[in-house]
Number of protein chains: 2
Amino acid sequence: MSDHGVLRWNMMKSACPTRQVLDRIANKWTMLVIMSLEDKTLRFSELRSRIEGVSQKMLTQTLRGMESDGFVLRTVYPTVPVTVEYSLTDLGESLAKTVDVLRGWAYGHMSAIEDARKEYLARTETLPSEAQMRDAG
Amino acid sequence: MSDHGVLRWNMMKSACPTRQVLDRIANKWTMLVIMSLEDKTLRFSELRSRIEGVSQKMLTQTLRGMESDGFVLRTVYPTVPVTVEYSLTDLGESLAKTVDVLRGWAYGHMSAIEDARKEYLARTETLPSEAQMRDAG
DNA sequence: CTGAATCCAAAAGGATACTG
DNA sequence: CAGTATCCTTTTGGATTCAG
């Protein structure tokens, strides 16, 4: 399958719906939340401690966006204090499967990328252009 | 390097190599460049005009990062003025195939997402409080 | 516990000028 | 043409505080 139908919308136009969707999911925290919630239901605090580096503000913001897109379901239990659970919707689970492909790719090509980075560094560190020459002063 | 324990890396840790790779490719412009260059070679200016909304600065920056990761090959032809062509490496083409899956997903679920957004708007405009509640027993 | 609001620092990104 | 360098505005995001 070649899915050339996408080309009817010119993928590279900012008005293209597909691109607007990509703009949303091509996001660090969104991807990590998707991965965290795959086949699971987690509370806010569990999500926060599982995703290292995310702040309360960013997690909330990310979850709101994902809820808006229909990826996650937010359920509030009127306990004291309140309990809030997040889970993926069918749409979210579907996206998770796709993101898994990307994660798998990243995992499989990790070392190739690391090698490329080292090689690039070595190549650009040796810039033969106008290097600083005042160090002898 | 010995004693990797790579398989034990928690995906959600910021130090996880897989996550560092994702942080790089989970990026708007990187994805769009990948898509633009799939099976093609384009000059800088062609790339710029094809990807609506990207500035010269961001495109340069994105391309440098992708070159560093080994996704794109930059070829300079010493013409006057200079000609620079960008193409995907094998690694980049491999990534492109994976990104295609995501694009396909986005395309296929566009309308579902748009519907969800409208529904969310309608729901949050009406309900300033919690949307869903369940019995806590 | 979950999360909204505010303030502020840092990063991202645009515009412009200049170079080979 | 394809950048680099700089300035400056916008956006992002962290820390803190407060509330249901």
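Just so it is clear: chains get the letters A, B, ... in the order the sequence lines come, proteins before strands, and each one is counted from 1. Only heavy atoms go into these numbers, but all of them, side chains included; no hydrogens, no water, no symmetry mates.
The B:Ser45 side chain lies nearest to D:dC1 when the options are C:dC7, D:dG3, D:dC1. Distance from the side chain of A:Phe44 is smallest to C:dT2 among D:dG3, C:dT2, C:dC7.
OP1 and OP2 of C:dT2 both lie 4.0 Å or more from every side-chain N or O belonging to A:Arg74. Of the side-chain N and O atoms in B:Thr60, none sit less than 4.0 angstrom from OP1 or OP2 of D:dG3. For D:dA2, the OP1/OP2 oxygens have a side-chain nitrogen or oxygen of B:Arg43 closer than 4.0 Å.
For A:Asp90, the CG atom sits in a loose shell: 12 or fewer heavy atoms of surrounding residues, nucleotides or ligands are nearer than 6.0 Å.
Atom CD of B:Glu67 and atom C1' of D:dG3 are 13 Å apart (whole Å). Taking atom NZ of B:Lys57 as the reference point, atom P of D:dT10 lies 15 Å away to the nearest angstrom. Here the C1' atom of nucleotide C:dT6 and the CD atom of A:Gln61 are 14 Å apart, to the nearest Å. Rounded to an integer number of Å, the gap from CG of A:Leu59 to P of C:dA4 is 11 Å. Taking atom NZ of residue B:Lys28 and atom P of nucleotide C:dG13, one finds them 8 Å apart after rounding to whole Å. What separates CG of A:Asn27 from C1' of D:dT11 is a distance of 14 Å, to the nearest Å. Taking atom CG on A:Leu63 and atom C1' on C:dC1, their separation rounds to 14 Å, with Å as the unit. Distance, B:Trp29 CH2 to C:dA11 C1': 17 Å, rounded to whole Å.
A pairwise comparison of heavy atoms in A:Arg50 and B:Met12 identifies O-CB, 2.7 Å as the closest pair. Between A:Ser87 and A:Thr41, the closest heavy-atom pair is CB-OG1, 3.4 Å. Taking both residues in full, the closest heavy atoms of B:Arg43 and B:Val82 are given as NH2-O, 4.3 Å, listed atom of the first, atom of the second, then distance.
Within 4.0 Å (heavy atoms only), B:Arg64 reaches sugar-phosphate atoms of the nucleic acid but no base atom.
The main-chain N or O of A:Met31 is never found under 3.5 Å from a side-chain atom of A:Arg103 such that the two would form a donor-acceptor pair. With B:Thr89 contributing its side chain and B:Gly70 its backbone, the two residues share a donor-acceptor pair below 3.5 Å.
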Take A:Glu119 and A:Arg123, measure what salt bridge (Lys or Arg N to Asp or Glu O under 4.0 Å) needs, and give me the verdict at the end.
-> CA-CA 6 Å; A:Glu119 191 272 333; A:Arg123 176 153 45 97; 3.2 Å; yes

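Taking a 4.0 Å limit (strictly below) on heavy-atom distances, residues 76-88 of chain B reaches DNA chain C at B:Val82.
At a cut-off of 3.5 angstrom, the base of C:dA4 holds at least one donor-acceptor pair with the side chain of A:Gln56.
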